[in-house]
Amino acid sequence: MPRNQQILLDSRPQGQAQASHFKRVCSDTPALQEGQVLVRHHYLSLDPYMRGRMNDSKSYAACQPLGQVMMGGTVGEVAESRHPDYQVGDPVVGMGGWQEWSVVDAGQPGLLRKVDTSQVPLSYYLGAVGMPGVTAWYGLTQIINPQPGQTLVISAATGAVGSAFVALAKARGCRVVGIAGGPEKCHYATQELGYDACLDHRQHPDLKSMAQALKTACPQGIDGYFENVGGHLLDAVLLRANAFARVALCGMIAGYDGQPLPLHNPALILINRMRVEGFIVSEHLQLWPQALRELGALVAAGQLRPRESIAQGLAAAPEAFLGMLHGQNFGKQLVKLI
Ligand code: NDP
């Protein structure tokens, strides 16, 4: 059995997470038992939720245990199988964690899924046709539920969730305005991803400036907002929201290192008669097949072909993860493991 490089959570951050909170080790892969499958990981997904799991505080999910392999989505191929449904070479997606190989009880529901790579690249099953894509689909269709012609805004617009969101929203005939960090990302948003406009939050670092920029970019007001960041972006959207606007509260990454994110004027939620709803995509598994069908069709049709940021080798995972939390990724952040 192969030697397996792994990254463990070594200590919990107080404030900003650092590479020193992780530890790289090497261990032997255990021999397979009946019903198990050995998976060689090709890509590891790095996602913002992992930062929350590093804390031992109140959350919707259990925290990442210290001294254990960091949790994370992976795609790869079956390298050895003692389960009749899996053959060597099958492409699979699972939650293999920050390591090069994993041994999976393939019979347990939800642990491993075979995927079709004939029209969708393997890595997309961690992004556009994976958890981030479904996240965009859920917030758009189940909370914002837009009518054609309505104006939608999304923060972290060029990332894994944002790039799927714009494809789904444009397919529904909406005007879509992104908020992203820096001119290069804003250019990518409008020239490649299909946004009607994109605002650089670094150029609008305060409420007044961002609210003014949104007023120009959204002359008909805002009907739906997909929130990934929090802070003054949410305040500015509330100022420009139309009556009965909907906010899908997906993430608040500006506060993941513990920064407070006060809401400047919550009375606007009442004044605008708004619906503001948080959600966790893994609590809606029954809708995933429907979402994945639509996302897969968009990819196959060439309407959803987002860029990816790919770090090389497991050892690069901590820095790539920390960089992604601060906007250094350009599209879905992955680590290539072979
Ligand atoms: P991204 O690929 O978008 O990467 C994170 C991005 O967040 C960065 O690239 C950066 O983009 C942006 N960002 C970070 N800090 C700030 C800040 N202070 N101000 C403004 N922007 C910031 O990540 P994902 O697409 O994977 O995730 C997007 C959001 O969705 C996250 O908040 C995540 O937690 C959430 N999420 C929630 C789920 C749920 O079930 N509720 C499931 C999956 C994701 P930029 O350079 O443009 O500023």
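Because the structure is predicted, anything quoted here is derived from the model rather than measured. All ligand and atom numbering here is 1-based and tracks the order in the structure. Computed from heavy atoms alone, side chains included, the values below leave out hydrogens, waters and symmetry copies.
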- Spacing of CZ belonging to Arg305 relative to CD belonging to Glu192, to within rounding of 0.5 Å: 13.0 Å
- Distance from Met71 atom CE to Asp47 atom CG, nearest 0.5 Å? 11.5 Å
- Judged by heavy atoms only, the candidate from Gly159, Pro48, Gly255 nearest atom 23 (O) of ligand 1 is Pro48
- Message: Are more than 12 heavy atoms, taken from residues, nucleotides or ligands other than Gln286, located less than 6.0 Å from that residue's CD atom?
- Response: yes
- Start with the C-alpha gap between Phe321 and Trp98, add the side-chain angles, then the distance that decides, and say whether ring-ring contact (aromatic ring centres under 6.0 Å, His included) holds. CA-CA 11 Å; Phe321 172 65; Trp98 294 29; 5.7 Å; yes
- If we number the atoms of ligand 1 from 1 as shown, the ones under 4.0 Å from a heavy atom of Gly251 are 32 (O)
- Message: At under 4.0 Å between heavy atoms, is it the side chain or the backbone of Thr135 that contacts ligand 1, or both, or neither?
- Response: side chain
- Item | Nearest neighbour in protein (non-hydrogen) for atom 34 (O) of ligand 1 | Tyr256 OH, 2.7 Å
- Message: Would you say NE2 of His264 has more than 12 non-hydrogen atoms from neighbouring residues, nucleotides or ligands within 6.0 angstrom?
- Response: no
- Kindly say whether Leu112 contributes a backbone atom to a donor-acceptor pair with the side chain of Gln108 at under 3.5 angstrom? no
- Query: Which ligand 1 atoms, with their elements, are less than 4.0 angstrom from a heavy-atom of Ala156?
  - Reply: 3 (O), 7 (O)
- Item | Check: Arg175 side chain, Thr151 main-chain N or O, donor-acceptor pair, under 3.5 Å | no
- Check whether Trp137 and Val281 end up in the same hydrophobic cluster, where Ile, Leu, Val, Met, Phe, Trp and Tyr are linked by side-chain heavy atoms less than 4.5 Å apart. yes
- What part of Val281, side chain, backbone, both or neither, has a heavy atom within less than 4.0 angstrom of ligand 1? both
- Task: Please determine if Leu233 has a nitrogen or oxygen closer than 3.5 Å to a nitrogen or oxygen of ligand 1.
- Result: no
- Query: Sub-3.5 Å donor-acceptor pair from the side chain of Ser102 to the main-chain atoms of Val104, do we have one?
  - Reply: no
- Task: Under 4.0 Å from a heavy atom of Ala180: give me the atoms of ligand 1 that qualify, with their elements.
- Result: 47 (O)
- Message: I'd like the name of whichever of Glu227, Met324, His284 reaches closest to atom 8 (C) of ligand 1 through any heavy atom.
- Response: Met324
- Message: Checking the N or O distance criterion of under 3.5 Å, is ligand 1 in contact with Gly162?
- Response: no
- Note on the structure: Checking heavy-atom distances from atom 47 (O) of ligand 1 to each of Gly278, Gly181, Ser309, the winner is Gly181
- Answer yes if the ring centres of Trp288 and Tyr138 are under 6.0 angstrom apart, and no otherwise. no
- Less than 3.5 Å between some nitrogen or oxygen of Lys332 and one of ligand 1, yes or no? no
- Task: Could you name the option among Asn329, Leu249, Asp200, Ile154 that has the heavy atom nearest to atom 9 (O) of ligand 1?
- Result: Asn329
- Message: Need the ligand 1 atom indices (1-based, order shown) with element for anything under 4.0 Å from a heavy-atom of Phe279.
- Response: 39 (C), 40 (O), 41 (N)
- Task: Measure the CD-SG distance between Gln203 and Cys186 for me, rounded to the nearest 0.5 Å.
- Result: 7.5 Å
- Note on the structure: Among Val229, Asn228, Leu261, Ile280, the residue with a heavy atom nearest to atom 32 (O) of ligand 1 is Asn228
- Query: What atoms of ligand 1 come closer than 4.0 angstrom to any heavy atom of Ile253?
  - Reply: 5 (C), 7 (O), 13 (N), 14 (C), 15 (N), 16 (C), 22 (C), 32 (O)
- Query: Does any N or O atom in Pro132 lie less than 3.5 angstrom from one in ligand 1, N or O only?
  - Reply: no
- Is Ala254 close to ligand 1, meaning an N/O of one under 3.5 Å from an N/O of the other? no
- Out of curiosity, is Lys185 lining ligand 1, as in a heavy atom under 4.0 Å away? yes
- Note on the structure: Value for CG (Asp200) from CD1 (Ile179), rounded to nearest 0.5 Å, stands at 10.5 Å
- Query: If you take all heavy atoms of Pro318 and Ile7, which pair is closest and at what distance?
  - Reply: CD-CD1, 3.6 Å
- Message: Can you confirm, on distance only, whether ligand 1 has an N/O atom lying under 3.5 Å from any N/O atom belonging to His326?
- Response: no
- Query: Any nitrogen or oxygen of His201, main chain or side chain, under 3.5 Å from a nitrogen or oxygen of ligand 1?
  - Reply: yes
- Heavy-atom nearest neighbour in the protein, as seen from atom 25 (O) of ligand 1, with distance rounded to 0.1 Å: Val161 N, 2.8 Å
- closest protein heavy atom to atom 10 (C) of ligand 1 is Gly327 CA, 3.5 Å
- Quick one: nearest non-hydrogen protein atom to atom 35 (C) of ligand 1, plus distance? Cys250 SG, 3.6 Å
- Can the positive tip of Arg307 be found less than 6.0 Å from the middle of the six-membered ring of Tyr188, inside 45° of the ring normal? yes
- Taking only residues at least two apart or on different chains, which pairs with a member in residues 14-24 satisfy side chain to side chain donor-acceptor pair (under 3.5 Å)? Gln5-Arg24
- Measure the distances from the heavy atoms of Leu325 to every atom of ligand 1 and state whether one is below 4.0 angstrom. yes
